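One structure is given below, encoded as C-alpha cells.
All chains are named by letter (A, B, ...) in the order of the sequence lines, taking the proteins before the strands, and each is independently numbered beginning at 1. This is a predicted model, so every value here is computed, not measured.
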Amino acid sequence: MNAHSKDTAKDFLIDEVLRDYSNNSKDHDILEQISVLKHEKIARPLIFVGCGTCGLGAGAGSTLEMVNTYLQTKEIAADVIETGCIGLCAVEPIMDICLPGYNRISFQNVTGDKVNELMDKVFQLELPEAEMILGQIEVPDAKEWQGAAFLNEHPFFKPQKRIVLKNCGIIDPVDIREYIARGGYKSFIKAINVHSPFEVCDIIEKSGLRGRGGGGFPTGRKWKFANSEVSDQKYLICNADEGDPGAFMDRAVIEGDPHRLIEGMAIGAYAIGASIAYIYIRAEYPLAIQRLEIALKQAKEYGLLGENIFETGVNLQIKIKKGAGAFVCGEETALMHSIEGKRGMPRPRPPFPTTSGLFGKPTVINNVETYGNVPSIIEHGPDWFASTGTANSKGTKVFALSGKIALTGLVEIPMGTTVRQILFDIAGGIMNKKKFKAVQIGGPSGGCITEQNLDIQVDYESLIGVGAMMGSGGLVVMDEDTCMVDVAKFFMGFIQRESCGKCIPCREGTKRLLEILESITSKPKSSDTEALDRFKGVMQIEKLSQVIKDTSLCGLGQTAPNPVLSTLKWFKDEYEAHVFDRKCLSGVCQNLKEYKIEVDKCTGCTVCTKKCPVNAIVGSRKTPHFIVEDKCIGCGACYEACKFDAIRII
Amino acid sequence: MKTSIQEILNTYPEGRSENLIPILQDVQDVEGFLSEPSVVQVGKHLRMPVSKIYGVATFYNQFRFKPLGKYHIQVCRGTACHVLGSATVLDEIEKYVGVKSGNTSRDGVFSIEVVACIGACGLAPVVAINGNFHAKLTGESIKEILEQYRNKE
C-alpha cells in the first residue's frame, strides 16, 4: 500500500490509527507506514524552513525561494516543508535538512545568501562552520552527524518541557496526516468513545489545569459549570485575541500546530455539550488565520468535525471570527459582544458566561494555550500532568521573551522554574552584557519583577505575591538604559487608548494618570501654577490608582494602574529623580534632557541653528553658539546634526 | 475583477446583525476603507440604522474611514518594540512621510498606522509595509527602506 497517496493515507489514518485509539498497534507494517507519515522514514531529502511570522520577518521568504531554486538548478529531488516557529526567534531564519538515513539537522541564521553554500556542503555530508549549526534532532534508526550537538541539549531547549509547543517548528502545520501520525486526534476520538462528557470535565479538573490567559481559573471546574446547565444550545469559544503587547505564544501555536488547538477545542466542546464553537482571533495575525482555515478544512475532510463524528452522534462545527483590533475584546464578556456584532464592551458579572454567555446561552471561553494542554492530559492522564509544577499551579507555561534579552523567543517551562533560570540560564541573559533592571510580566495588566525577586518560582500565587501576575505570559526584559517612569507612561498611554469608555473610573482615571506621568516626564514650564499642579498630581497618583482599581467594571480597568503601582513600589527613586531633580537617570525621557554647547569645540558652522525646530540656538558664523534654555524642547536635533561633538547632554 | 459590495452582502443572510463585523471587514478588504455609500448599503442589508453601524465601526481600531496610501505602513508600538526604540522609528517615519500617524500623505503614496502589537516581538522594533515585515529597525535603517519604496514610484 502506498501511504503517500492522499486517499489511501486518509483511510489508513482513520481506520488503523484513529479507530485504534486504545491499543497502540505493534504491527510492523502499520508502524512502518506511520513513520513514513511522520517523516522519519524518507526516500529523498527533506528540507524544513521555519516560516512563522517571526521567521518570515527575518527573511525566511528569500531562504525558501533560494532553496527551491537550488533544488531546481541542481535537479535534486527533495521535499520542502514550511514549518511554524520552533521558538528561538533570535536566530531566525532557521532551516533544517534531513537526508535519508541521517538525523535531521537544524541550522540558524540561514538568510537567502547562505543557502547555496550550506546545501552544497550538507549534500556532500559535510558540516558548515559551527556558528551556523543549531543542533541535530534524533530520527530513529538514523546515523548521527559527527561534530554537531543535539538540539535537546542546547541550553535554550534543555530546561524546557514542551507540551503545548511539542510539535511547533517540527511538523508541517498544514498536514493533518503528520499530526495524526504523531498521535494527534487520538485523545479526541478516545474521549468521545470512552468517556462521558462529565468524566472529561473531571479528568481536566483532577489534572489541576488552570486558565492560561491570565485569570488562572480552574478549567475543569469551569467546564463542569457549563456541563451542568440545561440548554438547547451551548457554545465554546477560543480566545485567540492576543492583544497583550509582548505576548505571541498563541500566534506561534496556531501557526506551528493548528490541529492541536482544534483537537483541544473539540474535546472541550464535547465535555460541555456545545455543538458550535468559535475561534476569536486577531485580524493582525493573517498567517495564523490562513493556517487555521486550512486545518479546519482538513479536519472536516477527515470527519473529525461536522455531523455525527465517527458515528458517535457528536456534532461540532468550528467557526473563525476575526477580531477588529480592540484590546478590551480579550475580556470575555466584551469578546462575546464582539462576536454578536456589537461594540466590544464588557458587562458586569454575574451572570457568568457559563450560565448566560454568547447569545444568552451557556458558554465556555478559554485561551489557546489552555486548549493546547487538553489533548495531552486526555492522552497521558491527569496524574501525569499534575506531576509537573507546584502545589497550586500544575503543568507548564509558555513564556514569550522579548525586549533587551540575548535570546528572544518562546519557551515552555514547568511551573516552579525561577525567573532567574528563565532569563539567565535559558535566554542567555541581558543583551550586550548590560545590567538587568526589571522584567515586566503580564503585559499592561501585570507588574515588574526586580533583581531582588528574581528567585521566585513562577506560579500564579507567587507572582501575585510580588505585585505582578501571570497574565498571558509575556516577559519584556528591561536593562539599565530603560526608564521605568517612561515604561509606566507607555502602558498608561496604551490602556488609555484601549479603554472602551463604558465606566468612568477607567475612562477618565487612566487619562488623568497619563497626564500626571506626562507632566513628570516633560520639561517644567516657567509658570508657577504648573509646578504646583504637577506636585499635586504626584501626591494623588497612588490614591487615584487605588480608586481605578476598586471601582472599574472589568479586568482591564481593575488592573490598569498596576504598571504604575508596581514601578512606583520598586523604583521610587526614579520617580523622585524625575519629580525633584527633573532628571531622567537613564536618559530616555527626551524632554528632560538638557543640551549644552562646548565653547572650545564649536566651530560656528551654523548647522545646528538651521536644524533647531524652535530657533533656540543663537550665535553668528564662526563664533561659538549658545542654546537658549527656556526655548529648548530637548528634541536632540542639534546633537545629531553636530559633526564636531560639541554638544553635550547634561 | 473587483468584487462589488452587493456580492459581499449576498454571501451573508439578510437582517442578521451578528454578521456586521465580518461584513465590514470584507468591505474594507475590497475598498481599502469604509465609504459612506457602502455603510448605507450594509445597513439596508442588515436592517440596521447607519448610526448604529458607525457606532460599532468607530469602536474598533481596524476600521478606517479614509482611503489608504499605496504603501501602508504599520508601526508596531508594543512593549518590546517600545523598549527597543520604536518611538524613534515612528518619529522618523512621520518626518519622512510628512504626516502624523493615522493619515495618508498628500501624494497618496504612504499612509501610517500605529498598531498595538503585531506579535513579532522577537524582531523588535518591527514595521510592516503592505504586510511585509521589516525587523530590528533603527531610525537610520527605516529611512533607507522608505527611500526604496519611494524610488519604486
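- A donor-acceptor pair under 3.5 Å is formed between the side chain of Gln25(B) and the backbone N or O of Gly323(A).
- Proximity to chain B (any heavy atom under 4.5 Å) is shown, for Ala252(A), by neither the backbone nor the side chain.
- Proximity to chain B is limited to the backbone of Ala90(A), based on heavy atoms less than 4.5 angstrom apart.
- Considering CG of Leu84(B) and OG1 of Thr408(A), their distance stands at 9.0 Å, rounded to 0.5 Å.
- Heavy-atom neighbours of Tyr639(A) OH from other residues, nucleotides or ligands within 6.0 Å: at or below the threshold of 12.
- Top candidate by heavy-atom pairs under 4.5 Å with chain B, chosen from Asp486(A), Val477(A), Val487(A), is Asp486(A).
- Within the 4.5 angstrom heavy-atom criterion, no atom of Cys85(A) approaches chain B.
- In this structure, Lys611(A) places its NZ atom where only 12 or fewer heavy-atom neighbours from other residues, nucleotides or ligands lie under 6.0 Å away.
- Within the 4.5 angstrom heavy-atom criterion, no atom of Asp479(A) approaches chain B.
- The most heavy-atom pairs under 4.5 Å with chain B, out of Pro286(A), Ser402(A), Cys89(A), Gly59(A), come from Ser402(A).
- Neither the backbone nor the side chain of Lys52(B) comes within less than 4.5 Å of any heavy atom of chain A.
- Your options are Leu20(B), Asn61(B), Thr79(B), and the one with the most heavy-atom pairs under 4.5 Å with chain A is Thr79(B).
- Heavy atoms closer than 4.5 Å to chain B are found in the side chain of Met431(A), but not in its backbone.
- Interface remark: Glu498(A) contributes side-chain atoms only to the contact with chain B (heavy atom separation under 4.5 Å).
- Note that OG of Ser17(B) and NZ of Lys342(A) are 7.5 Å apart. Values are rounded to the nearest 0.5 Å.
- Both the backbone and the side chain of Ala116(B) come within less than 4.5 Å of a heavy atom in chain A.
- Between Gly57(A) and Ala135(B) the shortest heavy-atom distance is O-CB, 3.9 Å.
- If you tally non-hydrogen atom pairs under 4.5 Å between each of Met478(A), Met249(A), Arg282(A), Glu242(A) and chain B, the highest count goes to Arg282(A).
- Heavy atoms of Arg497(A) lying under 4.5 Å from chain B are absent altogether.
- Within a 6.0 Å radius of CD in Glu147(B), more than 12 heavy atoms belonging to other residues, nucleotides or ligands are found.
- By the 4.5 Å heavy-atom criterion applied to side chains, Ile21(B) and Lys321(A) are not counted as neighbours.
- With a 4.5 Å cut-off on non-hydrogen atoms, Val588(A) does not touch chain B at all.
- Around NZ of Lys152(B), the count of heavy atoms belonging to other residues, nucleotides or ligands within 6.0 Å exceeds 12.
- Contact annotation: the side chain of Val83(B) never approaches that of Phe490(A) to less than 4.5 Å [non-hydrogen atoms, C-beta and beyond].
- Of all heavy-atom pairs between Phe63(B) and Ala324(A), the closest is CE1-CB, 3.9 Å.
- Inter-residue side-chain proximity for Leu56(A) and Phe133(B) is flagged as unmet; no heavy-atom pair is nearer than 4.5 Å.
- Looking at Lys322(A), both its backbone and its side chain come within 4.5 Å of chain B, counting heavy atoms on both sides.
- Contact record, Ala80(B) with Gly403(A): CB-N, 4.0 Å, taken as the closest heavy-atom pair.
- Residues forming a ring pair (Phe, Tyr, Trp, His ring centres under 6.0 Å) with Phe494(A) (at least two apart in sequence, or on another chain): Phe327(A).
- By number of non-hydrogen pairs under 4.5 angstrom with chain B, the leading residue of Gly344(A), Gly443(A), Pro444(A) is Gly344(A).
- Residue Phe59(B) comes nearest to Ala326(A) through the heavy atom pair CE2-CB, 4.1 Å, listed as atom of the first residue, atom of the second, then distance.
- For a residue to count as touching a neighbouring chain, one of its non-hydrogen atoms must lie under 4.5 Å from one of that chain's; by this rule Ile339(A) touches chain B with the backbone only.
- Crowding of Glu36(B) atom CD: a count of heavy atoms from other residues, nucleotides or ligands under 6.0 Å not exceeding 12.
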